[in-house]
Amino acid sequence: MGQYWAIISIDNRETARHLGKLGEFFWMPDDSLVSRLTTPVIPESYKTDSAIGNYPPSILLSLPHELLLEIAEELVEKYLDLICFSLTCIDAWELTEQVRYKSLSQKIKRKSWAGSRIILLGDYARALPKGLLTDAEKKELKLDGYADHELGSLLYAHKAFGRPSYKIPSDLYYNIMVQDNDLLLDELRYFARRKPFSQWIRLPGNFKLTKSSSSKDLWMVRNLTKQEYVIPTRPQSLTQVVYSLIGCSSDTSVSMQGERCSVLINGPWAGDRIDITLVSIHRQEHAPEEGSSWKDITVSVKELLDALAIDDDDYGVFKF
């Protein structure tokens, strides 16, 4: 019957199972995978709030600003609670700007696979890459009683990993807690009609990273664990770059022609933290002196994909 494959996000507890045999889907662009791995961005408007105007004072103003900020930091993992706290008075709103930005960043990244541990796992896999699952994760997934050579097939079919949700952050007043509280719902709707609060409550879209059609900027696939990257010349090749690096199995059956295709079962990035972003974003995030620690492996990945395409007669010409 052949070996079937699933792509798994360990951190998100999500998987796209039943992709088919590797040769059946390897050369097909997967926009949904690319979208899930692309690091979301928050628009610059969130960093430049407009003037608030006059709002009634709050008893919270009697507290020192240091204490208000400390309270906000405690709420960074709870975006709704943080927004409600920030709306109590002008000082709280202005003081929590950076904390709100941090909290929103975490919120939208939890909806994404970007930066999570990713693996393309075959159902004939035995052992997993060393260190992929921590002891705590093995216990949580009830895998701690199994031998290493059993973990691959068990992870492939594990029920704790659901299908990708494809959900995007929605307006806060659609939150279940808000819907059950008429007073809170009315308050959020009031502020949702006023700037600068509206964009923090009525979350716009999925914060998708895009580039203008006139831009010469390129997309890149990054390994945040090993600090390596690949820069294909065509965005349509991002899927193949990812697949070629994250495969894991103990069986060489990949339903592809040629000798080199067997290397796909031992992807050097399998289980590492991976994302997709623009080269310009990467350069903004890393100073020139820091950038030297990142390794460009584009040449070797291009050579592998070119060779695979030549050997695999069913595919044809591959353009990196």
Side-chain angles (χ1 to χ4, degrees), residues 2-19 21-22 25-26 33 36-37 39 109-110 112-162 164 220-230 239-256 259-276 293-301 303-305 308:
Q3 180 169 211
Y4 289 83
W5 297 78
I7 188 163
I8 301 172
S9 169
I10 302 297
D11 300 286
N12 292 66
R13 296 291 192 269
E14 292 181 344
T15 178
R17 289 195 182 97
H18 310 304
L19 295 176
K21 300 173 184 179
L22 191 61
F25 66 85
F26 186 88
L33 173 63
R36 291 196 298 273
L37 286 175
T39 300
K109 285 180 179 179
R110 282 194 292 268
S112 166
W113 282 13
S116 68
R117 291 168 292 168
I118 304 294
I119 187 170
L120 179 63
L121 193 62
D123 64 352
Y124 292 170
R126 295 174 184 168
L128 295 171
K130 187 176 181 180
L132 174 62
L133 297 177
T134 65
D135 290 341
E137 287 172 330
K138 290 178 184 177
K139 186 174 181 179
E140 177 191 345
L141 297 170
K142 298 181 180 179
L143 297 176
D144 50 329
Y146 292 90
D148 289 346
H149 69 270
E150 298 177 288
L151 296 179
S153 59
L154 290 170
L155 181 64
Y156 179 92
H158 205 293
K159 293 182 179 180
F161 292 78
M220 66 190 302
V221 184
R222 300 189 298 185
N223 183 321
L224 307 179
T225 305
K226 293 185 172 72
Q227 291 196 326
E228 297 176 340
Y229 63 83
V230 180
T239 305
Q240 287 72 47
V241 170
V242 174
Y243 286 159
S244 70
L245 292 167
I246 64 170
C248 175
S249 183
S250 305
D251 191 290
T252 58
S253 58
V254 294
S255 302
M256 295 172 69
E259 296 180 359
R260 296 198 63 178
C261 62
S262 61
V263 304
L264 296 174
I265 69 169
N266 294 307
W269 286 10
D272 289 343
R273 298 187 179 279
I274 295 168
D275 77 353
I276 294 173
S293 64
W294 284 78
K295 182 180 180 181
D296 184 352
I297 64 168
T298 302
V299 173
S300 61
V301 174
E303 289 177 350
L304 171 62
L305 289 171
L308 291 173

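If you're wondering where the values come from, they're calculated on a predicted model, not measured in any experiment. All residue numbers in this chain count up from 1 along the given sequence.
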Engineer: If we only count heavy atoms from C-beta on, is the Leu121 to Thr15 side-chain gap below 4.5 Å?
Structural biologist: no

Engineer: Flag the pair Arg222 and Asp275 as a salt bridge only when some basic side-chain nitrogen lies within less than 4.0 angstrom of an acidic carboxylate oxygen.
Structural biologist: yes

Engineer: To the nearest 0.5 Å, tell me how far Gln240 CD sits from Leu305 CG.
Structural biologist: 7.0 Å

Engineer: State which residues pass side chain to side chain contact (heavy atoms under 4.5 Å, CB included) with His158; sequence neighbours excluded, sorted by chain then number.
Structural biologist: Leu141, Leu143, Ala160, Phe161

Engineer: Distance-only, no hydrogens or angles: does the Ser9 side chain make a donor-acceptor pair with backbone N or O of Glu14 under 3.5 Å?
Structural biologist: no

Engineer: CG of Asp144 to CG of Asp135: how many Å apart, nearest 0.5 Å?
Structural biologist: 8.5 Å

Engineer: Salt bridge (charged side-chain N to carboxylate O under 4.0 Å, His left out): which pairs involve residues 112-122, sequence neighbours left out?
Structural biologist: Asp11-Arg117, Arg117-Glu137

Engineer: Do you know the tightest heavy-atom contact between Cys248 and Ala127?
Structural biologist: SG-O, 4.0 Å

Engineer: Starting from the C-alpha separation in whole Å, work towards a yes-or-no answer on side-chain contact (heavy atoms from CB on, under 4.5 Å) for Asp296 and Tyr229.
Structural biologist: CA-CA 5 Å; Asp296 184 352; Tyr229 63 83; 3.4 Å; yes

Engineer: Locate the shortest heavy-atom distance separating Pro129 from Ile119; write the atom from each residue and the value.
Structural biologist: CD-CD1, 3.8 Å

Engineer: Just by modelled atom types, is the Pro268 backbone N or O under 3.5 Å from a matching donor or acceptor in the Lys226 side chain?
Structural biologist: yes

Engineer: Which residues pass the side chain to side chain contact (heavy atoms under 4.5 Å, CB included) test with Asp123, sequence neighbours left out?
Structural biologist: Gln3, Tyr4, Tyr156

Engineer: Scan side-chain atoms only and decide if Ser249 and Asp251 contain a donor-acceptor pair under the 3.5 Å cut-off.
Structural biologist: no

Engineer: Any idea which heavy atoms bring Arg36 and Ser112 closest together, and the distance?
Structural biologist: O-OG, 3.0 Å

Engineer: What's the spacing between Arg126 CZ and Leu151 CG if we round to 0.5 Å?
Structural biologist: 13.5 Å

Engineer: Let me know which of Leu33, Ile10, Ile276 forms a side chain to side chain contact (heavy atoms under 4.5 Å, CB included) with Trp113.
Structural biologist: Leu33

Engineer: Within the structure provided, determine whether Leu308 and Val263 are in side-chain contact (heavy-atom separation under 4.5 Å).
Structural biologist: no

Engineer: Roughly how far apart are Ile8 CD1 and Arg17 CZ, rounded to 0.5 Å?
Structural biologist: 6.5 Å

Engineer: Which heavy atom of Tyr124 sits nearest to which heavy atom of Gly2, and what is that distance?
Structural biologist: OH-O, 3.1 Å

Engineer: Does the pair Phe26 and Val254 meet the rule for a side-chain contact (heavy atoms from CB on, under 4.5 Å), with working shown?
Structural biologist: CA-CA 10 Å; Phe26 186 88; Val254 294; over 6 Å; no

Engineer: Quick check for you: to the nearest 0.5 Å, what is the distance between Asp148 atom CG and Leu128 atom CG?
Structural biologist: 8.5 Å

Engineer: Carefully, step by step, assess Trp269 and Val230 under the rule side-chain contact (heavy atoms from CB on, under 4.5 Å).
Structural biologist: CA-CA 12 Å; Trp269 286 10; Val230 180; 4.1 Å; yes

Engineer: Rounded to the nearest 0.5 Å, what separation is found between the CD1 atom of Ile246 and the CG atom of Leu264?
Structural biologist: 11.0 Å

Engineer: Shortest non-hydrogen contact from Ala114 to Leu37?
Structural biologist: CB-O, 3.3 Å

Engineer: Take Leu245 and Asn223 through the side-chain contact (heavy atoms from CB on, under 4.5 Å) test and state the conclusion after the steps.
Structural biologist: CA-CA 10 Å; Leu245 292 167; Asn223 183 321; over 6 Å; no

Engineer: For the residue pair Tyr243 and Ile7, what are the closest heavy atoms and their distance?
Structural biologist: CE2-CD1, 4.4 Å

